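The chain is numbered in sequence order, starting from 1. Everything numeric here is computed off the predicted structure, so don't read it as measured data. Counting starts at 1 for both ligands and their atoms, in listed order.
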Amino acid sequence: MAAKIGVIGAGKIGEALVEGVLAKGLAQSGELILSVRSEQHRSALEARRGIRTFCDNRIVVAEADTIILAVKPKDVVDVLDGIADLLGPSKLLISTAAGVPLELLEAKVPAGTPVVRTMPNMAVAIGQGMTALAPGRHVPPERLAWATEIFRACGRAIVVAEEHMDAVTGLSGSGPAYVYIIIESLADGGVKLGLPRDVATELAAQTVLGAAANVLATGEHPAKLKDQVTTPAGVTIDGILELEEGRLRVTLIKAVVKAAERARALLHKAR
Ligand SMILES: NC(=O)c1ccc[n+]([C@@H]2O[C@H](COP(=O)([O-])OP(=O)(O)OC[C@H]3O[C@@H](n4cnc5c(N)ncnc54)[C@H](OP(=O)(O)O)[C@@H]3O)[C@@H](O)[C@H]2O)c1
């Protein structure tokens, strides 16, 4: 069976995508082909997944129509140099490498090769990822739809213009770390009031999950949902007053902006 999807660099993100693609039936294991760097990882991955896995990226590109490039950003150029002659308009190259721009990717592959740059987050590993995709200059709508479908198999996915990728990095890329701190802090509040740590953490995490699910399910502005649970002269408004005094809003806004600025700075340094 010819390979439909190849993953070069089947590490944490690459294997998570494989898992999603199989779970959603976008491809069968016989239609997948993977590569990694080390023989140790290759044999372990092949034994674990039952998917043909190589230490030779050229086999992957020769066989697959869609190639997901999920190596570390520092390895992207070397890997592309090794496979570029096998790419072209009949293939689709999808990069997950953080901060590697379309300009560089397109310069490394034959003219006309469809290239999509993506920014997933680690929640793709549990099917709850948030991925932004930015198409290059030669991506027909149906191929962009296919790329989007692959990431939707692991959570949500949206298409953005590449100029927004730094903002995406600062928000949904780095965001899980901010939310872990928020969950930990909410749980600390519960512990301060005498709740066992595990109980407090479960309460905090499910509260964040429920609120997030409500925003996505209703499509309502978060401020409206906040107002719905804030009774006049009730309990919650006292908690909100503390948050405002502690400048939670401005702190989170600045965290997203700072991380995006850092992403942009790293990109300029790499050029
Ligand atoms: N992790 C995240 O939260 C996250 C979020 C957004 C974007 N990304 C991006 O996704 C990419 C992958 O990240 P990751 O966290 O999944 O990294 P990872 O777990 O380290 O996976 C990278 C994989 O690439 C393989 N590799 C290295 N050099 C190779 C080569 N020359 N040919 C073929 N395979 C090679 C490695 O194989 P060996 O194991 O054999 O060395 C490893 O399995 C990165 O570019 C990162 O910027 C990651």
remark   = Value for CZ (R262) from NZ (K258), rounded to nearest 0.5 Å, stands at 10.5 Å
Criterion side chain to side chain contact (heavy atoms under 4.5 Å, CB included) against L34, the qualifying member of I5, T53, V60 = T53
key: Closest to atom 5 (C) of ligand 1 among S38, C55, A97, P120 (heavy-atom distance)   = P120
inquiry  = Using a 4.0 Å cutoff against the non-hydrogen atoms of G9, which atoms of ligand 1 qualify?
reply    = 23 (C), 24 (O), 25 (C), 34 (N)
remark   = closest protein heavy atom to atom 19 (O) of ligand 1 is K12 N, 2.9 Å
ask   = Looking only at non-hydrogen atoms, which of H41, Q40, E39 approaches atom 39 (O) of ligand 1 most closely?
value = H41
request  = Provide the number and element of each atom of ligand 1 under 4.0 Å from a heavy atom of A70.
outcome  = 11 (C), 12 (C), 22 (C)
task = May I ask you to list the atoms of ligand 1 that are less than 4.0 angstrom from any heavy atom of D75?
result = 27 (C), 28 (N)
note = Nearest non-hydrogen contact to atom 16 (O) of ligand 1 from the set L45, I13, V71, T96 belongs to I13
key: Identity and separation of the nearest protein heavy atom to atom 31 (N) of ligand 1   = V79 CG2, 3.5 Å
task = If you have a sec, work out which protein heavy atom is nearest atom 32 (N) of ligand 1 and how many Å separate them, to one decimal?
result = N57 ND2, 3.0 Å
Nearest-contact summary for atom 42 (C) of ligand 1 - protein heavy atom, Å = G11 CA, 4.1 Å
task = For the pair R42 and E39, find out whether any cationic side-chain nitrogen is under 4.0 Å from an anionic carboxylate oxygen.
result = yes
ask   = Would G173 count as a contact of ligand 1 if the rule is a heavy atom under 4.0 Å away?
value = no
request  = Around atom 47 (O) of ligand 1, find the nearest protein heavy atom and jot down its residue, atom name and distance.
outcome  = A98 N, 3.0 Å
request  = Would you tell me which option among R37, M119, K72, M122 has the nearest heavy-atom contact to atom 20 (O) of ligand 1?
outcome  = K72
query = Do you know the tightest heavy-atom contact between P101 and R117?
reply = CA-NH1, 3.8 Å
message = Between D65 and K4, does any NZ, NE, NH1 or NH2 come within less than 4.0 Å of an OD or OE carboxylate oxygen?
response = no
inquiry  = Are there over 12 heavy-atom neighbours, none belonging to R143, within less than 6.0 Å of that residue's CZ?
reply    = yes
query = Rounded to the nearest 0.5 Å, what separation is found between the CG atom of D85 and the CZ atom of R58?
reply = 4.0 Å
message = Show me which atoms of ligand 1 lie under 4.0 Å from any heavy atom of P73.
response = 44 (C), 45 (O), 47 (O)
inquiry  = For the residue pair S172 / N121, report whether a side-chain donor-acceptor contact shorter than 3.5 Å exists.
reply    = no
query = Do you know the tightest heavy-atom contact between A134 and A161?
reply = CB-C, 4.3 Å
